[in-house]
Amino acid sequence: MRIAVINRDRCQPKKCSKECEYFCPPVRTGDETIVFVDGKPLITENLCVGCGICVRKCPFGAITITNLPEEMDDPVHRYGQNGFALYGLPVPVGGRVTGLLGPNGIGKSTAVSILSGILRPNLGKNATWDEVLARFAGSALGDYLRKVTEKGVKTSYKPQNVDRIPKSYSGQVRGLLEKTDERGALRDLIEWLGLAKLIDREISSLSGGELQRVAVAATAARDADFYFFDEISPYLDIYQRINVARILQGLAKEKAVMVVEHDLALLDLLADNVHLIYGLPGAYGVITRPKGVRVGINQYLRGNLPEENVRFRDSAITFEVRTPRMEKEIPALIAYEAFTKVYSSFRLQAEPGLVRRGEVVGILGANGTGKSTYIKILAGVEKPTTGSFDRQLKVSYKPQYLKADSEVTVQGLLRSMTNDFDSSYYQAEILRPMGLEPLLDQALTELSGGELQRAAITACLSRDADLYLLDEPSAHLDVEQRMLTAKVMRRFAESTEKTVLVVDHDIYLIDLLSERLMVFDGVPGEMGIAHPPREMREGMNAFLKGLGITFRRDEETRRPRVNKPGSRLDRMQKEQGEYYYPVEDS
Ligand code: ADP
Ligand code: ADP
Ligand code: MG
């Protein structure tokens, strides 16, 4: 079974010579495989031979032709002929947190619109509700959809992009929140999410992290049958992520809660079950049956779904507990003395530290403790208030907040950074895994948040430098892109022996990448302390102790998993001071 999908945003029939139709071999022999209707191309899938010529000839990269995995039924929904096709649906279950795990553009929002009764599934044709109910009769999903058609379900929905909230709401936080207080839970939510201080603020003045917490409170305060959170982690630090996770788990004691989340450590902690979603972003998505959260995440990391008989990635993502290298084996890149940076209401104090040649150092810490300030000082963008810095090093820096202010294309940007653009190493080790090939001719200003992030990370690694500084590279990336980015950055450091410092809140990304760890603590927004880079285990123990959680290693994938608070392992590890993993595991 083959499907042909045309991206209607990219397709610009007025600006091309209808190459898709002109070069199509079946069209040349008289078939109507590709025809233009109302000036737009339509591809008839059962006449298409799958040669891929139209895909390559389209000047806008608007066509995807792909084989579906074997034994697929009709889709649950398709956005018209040559539109995106969705196979399978998740099932909301009362009393549980159900996670959705998969890349962006794979149909998660489409599925939720169906479950909310906003979108009637068409089964890939023009199906009526009766046909839909007949198809799913006798299953939990069928029962759920029957409820949607009979009584309707009330959904409370937290959108993915919280930065758009100020465009649709104005006024104070109080006004937005009070309207949502349908089950008398708002007061508690305000307290748990630390929103009391924000209540009189204008929505337009809130930071990303503040908007995220307001949006979570507003969504959870409503009285609904089904709660859907499209990502909870963006802009939040680990403390806040865990806090929100606990709130959703509390909500799920009575209600059905569904969550999309790309931070796997958080999803693992938060969800009871997960549906994996695989396919080809923008073309089709397949939602699996629910799996236990441990098994589901492990299958995702392996890229292999035994029950579905599908392999969706060539290689597994592997975690390892690395034995630290001997201190004296590695030459130092920089050794710095203590320094400080003082702003009107914030003070950063950096302890003396040493960064070595060819290592990746992860940086963890709460928001507002000066991580970005520290990175900017290393990058030479800011000057320390006391202490000085030996500035012999060449530094390449990716800031936390990205702005695309130039009409240059992705390719133009990267070519201006490196002479190796055409080398097979660059193409295979950097461009392809970063998923930039389809975006090369797009202007930076046209890119989405995740696309811009990937272009910025790639540009940072493309410059010639001694020290690479990346401030929150996982922001706006989906789970698949995070895992691939971690791999690219690590291999880059290994093969070039360059030093890379990465600030991030995604524990799996930090664990996959880092050889050593820097931890920031202090009082957010008032003062921060930058501790020196330390061995992973030592640094993680200090960090997790502050967080009050312990990790164990999954037997199968070696990924860290949060221990249940108060469990045998949790108590034992806290006694031993081994928060990162139990000693017998090392
Ligand atoms: P996700 O939530 O996983 O990012 P979505 O469900 O938003 O994915 O979108 C999946 C695909 O469906 C995308 O390629 C998107 O362009 C397409 N799509 C979404 N809504 C529509 C629509 N109303 N009409 C046509 N295509 C759509
Ligand atoms: P983090 O990256 O750990 O979240 P930052 O380094 O961005 O922390 O910020 C730490 C504190 O310093 C914050 O309270 C922030 O408001 C303040 N701050 C950052 N840059 C400036 C500046 N240029 N002027 C005044 N205060 C600043
Ligand atoms: Mg920062």
Side-chain angles (χ1 to χ4, degrees), residues 5-11 62 64 75-87 89-90 100-115 118-119 122 157 159-161 207-209 228 230-231 235-240 258 260 262 275 277-287 340-350 363-379 381-383 385 398-401 448-450 469-473 475-476 478-480 502-505 518-530:
V5 177
I6 302 175
N7 182 324
R8 297 286 171 199
D9 294 331
R10 288 208 191 153
C11 175
T64 306
V76 170
H77 189 75
R78 188 153 193 200
Y79 289 111
Q81 189 180 351
N82 304 138
F84 175 86
L86 179 67
Y87 297 84
L89 278 178
L100 300 184
L101 173 53
N104 282 332
I106 201 95
K108 298 183 296 290
S109 306
T110 303
V112 171
S113 303
I114 294 172
L115 297 177
I118 296 168
L119 180 69
N122 61 19
Y157 172 81
Q160 182 177 20
N161 293 311
S207 71
F228 179 74
D230 196 346
E231 292 198 64
Y235 304 112
L236 300 186
D237 65 29
I238 299 180
Y239 299 83
Q240 298 164 330
M258 200 173 270
V260 172
H262 299 297
H275 293 265
I277 316 184
Y278 62 93
L280 188 62
Y284 76 97
V286 184
I287 302 181
T340 65
K341 176 77 192 181
V342 181
Y343 291 124
S344 53
S345 56
F346 180 80
R347 175 190 172 88
L348 169 69
Q349 202 172 312
I363 301 179
L364 287 175
N367 280 341
T369 55
K371 301 180 301 297
S372 296
T373 302
Y374 170 86
I375 290 286
K376 283 179 195 161
I377 289 172
L378 290 197
V381 176
E382 290 276 4
K383 288 208 162 26
T385 311
K398 185 205 79 70
Q400 178 176 4
Y401 299 102
S448 70
L469 305 167
L470 295 112
D471 199 350
E472 300 208 16
H476 307 297
D478 68 31
V479 58
E480 190 67 14
V502 181
V503 176
D504 214 278
H505 297 297
M518 260 186 97
V519 176
F520 279 62
D521 57 28
V523 183
E526 286 175 31
M527 69 97 173
I529 300 169

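Ligands are counted one by one from 1 in listed order, and the atoms in each one are counted from 1 as well.
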For ligand 2, is there an N or O atom under 3.5 Å from any N or O atom of [X]?
| X | value |
| --- | --- |
| T369 | yes |
| Q400 | no |
| K376 | no |

Measure the distances from the heavy atoms of G368 to every atom of ligand 2 and state whether one is below 4.0 angstrom.
->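 Right, G368 reaches ligand 2.
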
Close approach of G370 to ligand 2, heavy atoms, under 4.0 angstrom | yes

Classify the angle between the aromatic ring planes of F84 and Y79 as parallel (below 30°), tilted (30 to 60°) or perpendicular (above 60°).
->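 Tilted, since the angle between the ring planes falls between 30° and 60°.
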
Under 4.0 Å to a heavy atom of [X] - the qualifying atoms of ligand 2, by number:
| X | result |
| --- | --- |
| N367 | 4 (O) |
| K371 | 1 (P), 2 (O), 3 (O), 4 (O), 6 (O), 8 (O) |
| A366 | 3 (O) |

So which of [options] gets nearest to [atom], if we judge by its closest heavy atom?
| atom | options | value |
| --- | --- | --- |
| atom 20 (N) of ligand 2 | Y235, Y343, Y401, Y374 | Y343 |
| atom 4 (O) of ligand 1 | G105, G102, G282, A85 | G105 |
| atom 9 (O) of ligand 1 | V5, N7, T110 | T110 |

If you look at every heavy atom in L348 and F520, which pair is closest and at what distance?
->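 Smallest interatomic distance, heavy atoms only, reads CD1-CE2, 4.0 Å.
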
By number and element, which atoms of ligand 1 are closer than 4.0 Å to a non-hydrogen atom of [X]?
| X | result |
| --- | --- |
| N104 | 4 (O) |
| I106 | 1 (P), 3 (O), 8 (O) |
| S109 | 1 (P), 2 (O), 6 (O), 7 (O) |

Please state which protein non-hydrogen atom is closest to [atom] and give its distance, to 0.1 Å?
| atom | answer |
| --- | --- |
| atom 23 (N) of ligand 1 | Y79 CE2, 3.5 Å |
| atom 15 (C) of ligand 1 | F84 CB, 5.0 Å |
| atom 8 (O) of ligand 1 | G107 N, 3.1 Å |

Is the shortest distance from atom 11 (C) of ligand 2 to a protein heavy atom below 4.0 Å?
-> yes

Is [X] reaching over with its side chain to a backbone N or O of [Y], donor-acceptor style, under 3.5 angstrom?
| X | Y | value |
| --- | --- | --- |
| T385 | V342 | yes |
| K341 | K383 | yes |
| R78 | N122 | no |

Report yes or no: does N367 have an N/O/S atom closer than 2.8 Å to the Mg ion (ligand 3)?
-> no

Where the Mg ion (ligand 3) is the centre, what is the OG-to-OE1 angle for S372 and Q400, rounded to 10°?
-> 80°

